[in-house]
S.K.: 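One structure follows; several queries about it will come next.
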Amino acid sequence: MPPAGDLGRLEVDVKHKSFAAASGGKLHVLQGLVLSLGGGEVGALVGPSGCGKTTLLRIIAGLDRDYEGSIGLPDHGRLGVVFQEPRLLPWRTLEQNVRLAAPEASDATLIALFRALGLEAHRHLFPGELSLGLARRAALARAFAIEPDLLLLDEPFVSLDDALAARLRDELAELVTRRPVTTLLVTHNVDEAIGLANRLFFLSDSPTRVVAEVPIARPRERRTPEELAALRAEIARKLGQT
Amino acid sequence: MAVRIVSFALLIAAWSVGSQLAGQRMLPDPQAVALMMFEEARSGALAFNLGATLARVAVAFVLAMVVGSIIGLVMGRYRIADRFGDPWLVVLLNLPALVIIVLAYVWAGLTETAAIAAVALNKLPIAAVTVREGARALDRGLDDMAQVFRMSAWTRMRHVVLPQLAPYLAAAARSGLSLVWKIVLIVELLGRPNGVGFEIGVAFQLFDVTKILTYALAFTAVMLVIETFVVQPLERHASRWRPRTA
Ligand SMILES: Nc1ncnc2c1ncn2[C@@H]1O[C@H](COP(=O)(O)OP(=O)(O)OP(=O)(O)O)[C@@H](O)[C@H]1O
Ligand SMILES: [Mg+2]
């Protein structure tokens, strides 16, 4: 366990979250969802589509205050968010998009970031001129540029081809290694979760809660196929128990 | 371009023919109007009256756009404001321009303030309704983004909200400009001692069709120039980020 007084700690305790359904009645999305992450840890949320992962991230980000429970953010609570869609301002260039979100970032920081994400040549393009992969990277650059205390990533690599997703995953791993930040990542992909996270949280169908938590030793390291298979087996066993 | 020139030449020709048929008194020929325009320009009357009218158009237009846009934005964003303001807008929208003008002159006297307020009030509800439409269509996702990254109110307005409203503001401005200058003429006719509307009113009493056409054409030309060299370039600038359609 991380020491008490861990400044980067994230504590999530959502007792209940529901939406009013259009047909009347209530849609119970989250129920007794508890999880915590130590400072600098990367957590991965893995769960079925529509179970409420985006809803949970919105609650953590303070965008949705209509829930029962409490959220303890890391100190200072500067947030970097990569939404499920890139959400860039179409009428501003890539570089302007990053600078508007992070007005305090120095030129040196931005240059380093753009270089790490392979965006240098595209800084002056408008989002409409970017491929989805580039737009996703721009959203990553924006989230890192503000030097966040908490990073929330909502399926940042979905609908990219495998090779590109793998490259971006490596770039992300590199960025969080270089500047550790408490990170919560949503994904459908168990391999992606194993490859990036210290801690996996498996979610049930809604009303959603955490059904299994799997800590990962030596995250973000190359693994042999045997090790990967062993990890998957362990995950399957834990999920089977619940 | 060639098509436009041919079309314009045809218009002038039709005018000449019409003038032959109807007689100089009913419809003076183009030369007569050109001559009168030249003389009014030389005496300074044309510039003076055009200037007075343009100044009124400008002030009323800016006033209506600014106030109307703010009202529209607030109504589009906040349900309560929308419910509260909607009946007012409906009343204003359906009040004939003439009623607003006459009431303004009755209540505030035949003053410049009354004239401009009357014009602005005529235009304001249309601007508000158009901008409200835009405010309702604002992208929630970008709002969330701006909030998460803690953008300042100014940054949000300048970089997130206004670019989304730009097409609606442009539409309001475009329809607004043509509406405002037409109403300004009526306001001048009814209660101002100068301006294009006043001159046309005098010409009407003297049955001086040449003068009416002179002022009408001069003023239309000025508005066309403003449309071509101010409104259109602004629109192009505001939409420069849109990928070109083939
Ligand atoms: N504003 C809303 N009003 C009503 N229902 C909502 C709203 N937002 C989400 N929901 C519902 O809540 C549930 C969870 O949605 P959410 O977007 O959080 O799922 P998700 O796990 O992120 O799904 P995906 O993996 O497909 O992105 C869904 O059933 C969705 O229909
Ligand atoms: Mg989602």
Side-chain angles (χ1 to χ4, degrees), chain A residues 54-55 57-65 71 73 76-105 124-131 135 138-154 184, chain B residues 69 72-73 76-80 82-83 130-131 133-174 231-246:
Chain A
T54 299
T55 305
L57 289 197
R58 283 177 54 84
I59 288 175
I60 298 173
L63 292 171
D64 188 342
R65 298 186 188 278
I71 304 291
L73 291 181
H76 310 299
R78 195 107 175 83
L79 266 180
V81 179
V82 176
F83 295 94
Q84 206 160 346
E85 328 79 47
R87 292 199 188 166
L88 302 168
L89 300 170
W91 39 84
R92 295 290 178 264
T93 63
L94 192 165
E95 178 167 352
Q96 286 168 338
N97 263 283
V98 175
R99 282 186 189 275
L100 283 170
E104 287 116 52
H124 302 300
L125 296 183
F126 287 103
E129 302 169 300
L130 299 175
S131 67
L140 272 178
R142 180 174 64 186
F144 273 95
I146 64 166
E147 311 206 323
D149 305 302
L150 175 64
L151 188 61
L152 301 174
L153 306 157
D154 197 348
L184 195 58
Chain B
S69 300
L73 182 57
R77 295 219 101 177
Y78 304 102
R79 265 252 177 85
I80 302 185
D82 194 30
R83 294 231 177 93
T130 310
V131 173
E133 221 43 59
R136 281 178 180 159
L138 285 175
D139 186 334
R140 293 273 162 94
L142 293 181
D143 263 356
D144 285 353
M145 186 279 293
Q147 188 184 334
V148 158
F149 287 102
R150 297 186 193 165
M151 290 182 177
S152 65
W154 166 248
T155 305
R156 279 192 206 196
M157 200 59 190
R158 168 94 179 67
H159 300 282
V160 183
V161 173
L162 282 181
Q164 294 183 72
L165 291 183
Y168 296 87
L169 290 171
R174 204 178 250 276
V231 178
Q232 286 177 10
L234 274 178
E235 277 187 339
R236 267 198 297 280
H237 178 78
S239 61
R240 71 199 179 289
W241 54 273
R242 282 179 210 280
R244 309 268 176 284
T245 43

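Naming: A, B, ... by sequence-line order, numbering from 1 per chain.
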S.K.: Where along residues 139-149 of chain A does a heavy atom come under 4.5 Å of chain B, listed by residue number?
M.R.: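 Only A:R142, A:A143, A:I146 of residues 139-149 of chain A have a heavy atom under 4.5 Å from chain B.
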S.K.: Under a 4.5 Å heavy-atom cut-off, does chain A meet the side chain of B:R158, its backbone, both or neither?
M.R.: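 Contact with chain A: backbone and side chain both.
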S.K.: Under 4.5 Å from any heavy atom of chain B, what part of A:L88 do you find: side chain, backbone, both or neither?
M.R.: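 For A:L88, the contact with chain B is made by the backbone alone.
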S.K.: So what's closer than 4.5 Å to chain A heavy atoms on B:M145: side chain, backbone, both or neither?
M.R.: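 When you check distances to chain A, atoms from both the backbone and side chain of B:M145 fall under 4.5 Å.
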S.K.: Relative to chain B, which segment of A:R92 carries a heavy atom at a distance below 4.5 Å: side chain, backbone, both, or neither?
M.R.: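 For A:R92, the contact with chain B is made by the side chain alone.
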S.K.: Got a salt bridge between B:D139 and A:R87, using NZ or NE/NH1/NH2 to carboxylate O under 4.0 Å?
M.R.: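 Salt bridge: no.
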S.K.: Looking at A:F83 and B:V148, what are the two nearest heavy atoms and their distance?
M.R.: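 Result for this residue pair: CZ-CG2, 4.0 Å.
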S.K.: What is the minimum heavy-atom distance between B:H159 and A:W91, and which atoms define it?
M.R.: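 That closest heavy-atom pairing would be O-NE1, 2.5 Å.
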S.K.: Give the member of A:L100, A:V81, A:T93 that has the highest number of heavy-atom pairs under 4.5 Å with chain B.
M.R.: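 Highest number of heavy-atom pairs under 4.5 Å: A:L100.
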